[in-house]
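Working notes, structure below.
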Amino acid sequence: MKKMVALVTGSNRGIGKSCIEEFAKAGVNVIINYCHHKTEALELEKYIKETYHVEALAIKCDISNEEEVENMVNQIIDTFGGIDILVNNASVCRDTLMLDKNIKEFKRILDVNLIGTYLVSKYVGKVMLEQKKGKIVNISSTNALDTYYPESCDYDASKAGVISLTHNFAREFAPFINVNCICPGWVKTDMNKDLSFEQINKEKRKILLNRFASVEEISKLVLFLSSSKASYINDSIIRVDGGRLND
């Protein structure tokens, strides 16, 4: 029986890496997308192959570059013959004072988080439409739903756009492709590694579970939404934040 194929963008670390491992555990062939950090991606590729005995392929691609996205999708089709699952996870964030933000950097946040999600969904979606089946899971953020810090306004806007894309692609790809979106709150990833002990404790006090999520708590939900168990879940925005209280 032909194994399913999953592409996870930004998957050499953090939530994306955890998604790759969850898919591999489930017997799914995986594509590890990265833009920088080649060594990490190749090490993950080797680890997945040796540990889970599925096919793994690391592909360098800047998802904000349309030509690179098209080439990546073509390479996947040439290698695997199809794509069953897409997880739009790649994301960048750079918090600075709102009135001091550099427009070039602001646009880079939008290019990766929003335009990148659009481009990968566009090209993978065309493949899935030909197959008449597929699952797309977008990773947004609770920042898209609530305003916490003006320093994150560019990130917030990009993630709100991902929610909008979820709704629009769900309609465009109906009835063949399920398109859903997860909005995590605080997650223990490299994106938050520079937070001070005081900042972490301050944020934990706002969460009913009094802790940040692990990457596995997000990736296991991604796996569920990508499975046949979630066949009737579509166009849904799922908040996963441990019960964050309003400021």
Side-chain angles (χ1 to χ4, degrees), residues 8-22 32-41 43-44 62-64 87-114 116-117 137-163 181-222 237-247:
V8 183
T9 65
S11 49
N12 58 304
R13 56 174 60 186
I15 292 172
K17 180 179 180 181
S18 184
C19 288
I20 289 291
E21 190 155 7
E22 288 297 329
I32 302 156
N33 161 247
Y34 69 98
C35 186
H36 307 293
H37 308 291
K38 180 179 180 179
T39 300
E40 288 181 4
E43 287 175 352
L44 179 59
D62 177 352
I63 63 168
S64 69
V87 181
N88 282 305
N89 167 75
S91 182
V92 292
C93 178
R94 190 173 188 278
D95 287 349
T96 55
L97 292 175
M98 186 173 180
L99 299 183
D100 291 340
K101 284 190 178 292
N102 179 297
I103 292 302
K104 181 179 179 181
E105 293 172 348
F106 195 114
K107 288 180 177 178
R108 180 60 182 165
I109 301 295
L110 296 178
D111 283 346
V112 175
N113 299 1
L114 182 58
T117 295
V137 181
N138 295 324
I139 306 297
S140 180
S141 170
T142 52
N143 285 52
L145 304 170
D146 300 301
T147 300
Y148 300 126
Y149 302 106
E151 295 88 346
S152 302
C153 67
D154 42 3
Y155 180 81
D156 297 1
S158 70
K159 290 300 188 178
V162 169
I163 290 178
C181 182
I182 299 172
C183 292
W186 286 108
V187 184
K188 291 182 284 188
T189 66
D190 285 347
M191 189 177 285
N192 306 316
K193 67 181 179 181
D194 294 328
L195 290 177
S196 68
F197 180 78
E198 290 75 18
Q199 285 176 299
I200 291 172
N201 282 335
K202 179 183 177 183
E203 292 302 323
K204 283 182 178 179
R205 286 194 292 270
K206 301 174 185 176
I207 302 169
L208 293 177
L209 293 182
N210 195 36
R211 62 178 177 84
F212 288 6
S214 68
V215 290
E216 291 80 12
E217 287 174 307
I218 307 303
S219 62
K220 288 181 186 299
L221 178 56
V222 171
I237 311 301
I238 303 174
R239 185 179 191 127
V240 186
D241 65 359
R244 190 188 192 281
L245 302 172
N246 292 327
D247 292 337

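Here the structure is a predicted model, which is why all the values come from computation and not from measurement.
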Task: Y148 vs D156, side-chain contact (heavy atoms from CB on, under 4.5 Å): CA-CA, chis, key distance, verdict - done: CA-CA 9 Å; Y148 300 126; D156 297 1; 6.0 Å; no

- [ ] Begin from the C-alpha positions of V162 and N88 and carry the test side-chain contact (heavy atoms from CB on, under 4.5 Å) through to its verdict.
- [x] CA-CA 9 Å; V162 169; N88 282 305; over 6 Å; no

TODO: Please check if the side chain of D241 supplies one atom and the backbone of P184 the other of a donor-acceptor pair under 3.5 Å.
DONE: no

- [ ] Please step through side chain to side chain donor-acceptor pair (under 3.5 Å) for the pair S158 and N113, ending with a clear verdict.
- [x] CA-CA 6 Å; S158 70; N113 299 1; 3.1 Å; yes

Task: Test side chain to side chain contact (heavy atoms under 4.5 Å, CB included) applied to N33 and I20, D62, I63, the passing residue - done: I63

Task: Beyond-backbone contact of N102 with T96, side-chain heavy atoms, under 4.5 angstrom - done: no

Task: K17 side, atom NZ; E40 side, atom CD - distance, nearest 0.5 Å - done: 7.0 Å

Task: Donor-acceptor contact present, side-chain S140 to main-chain K159, <3.5 Å - done: yes

Open item on the list: Using a strict threshold of under 4.0 Å (side-chain N to carboxylate O), is an ion pair present between E203 and K206?
Closed with: yes

Open item on the list: Distance check, rounded to the nearest 0.5 Å: E216 atom CD versus E21 atom CD?
Closed with: 8.0 Å

- [ ] List the atom of V215, the atom of T189, and the distance in Å for their closest heavy-atom pair.
- [x] CG1-CG2, 3.7 Å

TODO: Ignoring hydrogens and angles, tell me if any N or O in the side chain of S152 forms a donor-acceptor pair with the backbone of Y155 under 3.5 Å.
DONE: no

Task: Under the side chain to side chain contact (heavy atoms under 4.5 Å, CB included) test, residues paired with T39 that sit two or more places apart - done: E43

Open item on the list: For I15, is there any backbone N or O sitting under 3.5 Å from a side-chain donor or acceptor partner on S18?
Closed with: no

Task: Minimum heavy-atom distance between A90 and T9, given as atom pair plus value - done: N-OG1, 2.9 Å

Open item on the list: On a heavy-atom basis, which atom in I32 and which in S11 lie closest, and how many Å separate them?
Closed with: CA-OG, 3.2 Å

Open item on the list: So does E151 get a backbone contact from the side chain of K101, meaning a donor-acceptor N/O pair under 3.5 Å?
Closed with: yes

Task: Sidechain-backbone polar pair: D154 side chain, K107 backbone, donor-acceptor under 3.5 Å - done: no

Task: Trace of the side-chain contact (heavy atoms from CB on, under 4.5 Å) decision for V222 with E22 - done: CA-CA 9 Å; V222 171; E22 288 297 329; over 6 Å; no

TODO: Grab the two heavy atoms, one from L195 and one from Q199, that are nearest each other, plus how far apart they are.
DONE: CA-OE1, 3.5 Å

- [ ] Using a 4.5 Å cut-off on heavy atoms from C-beta on, say whether the side chain of F212 contacts that of I207.
- [x] yes

Task: Spacing of D146 atom CG and R239 atom CZ [to the nearest 0.5 Å] - done: 4.5 Å

Open item on the list: Minimum heavy-atom separation for G161 and L114, please, with both atom names.
Closed with: C-CD1, 3.4 Å

Open item on the list: Nearest 0.5 Å, please: how far is CD1 in I139 from OG in S91?
Closed with: 10.0 Å

Task: Point-to-point distance, once rounded to the nearest 0.5 Å, from CG of L110 to OG of S64 - done: 11.0 Å

Task: H37 versus N12, closest heavy-atom pair with distance - done: CB-ND2, 3.2 Å

Open item on the list: Using 0.5 Å steps for rounding, measure from the CZ atom of R13 to the NE2 atom of H36.
Closed with: 10.0 Å

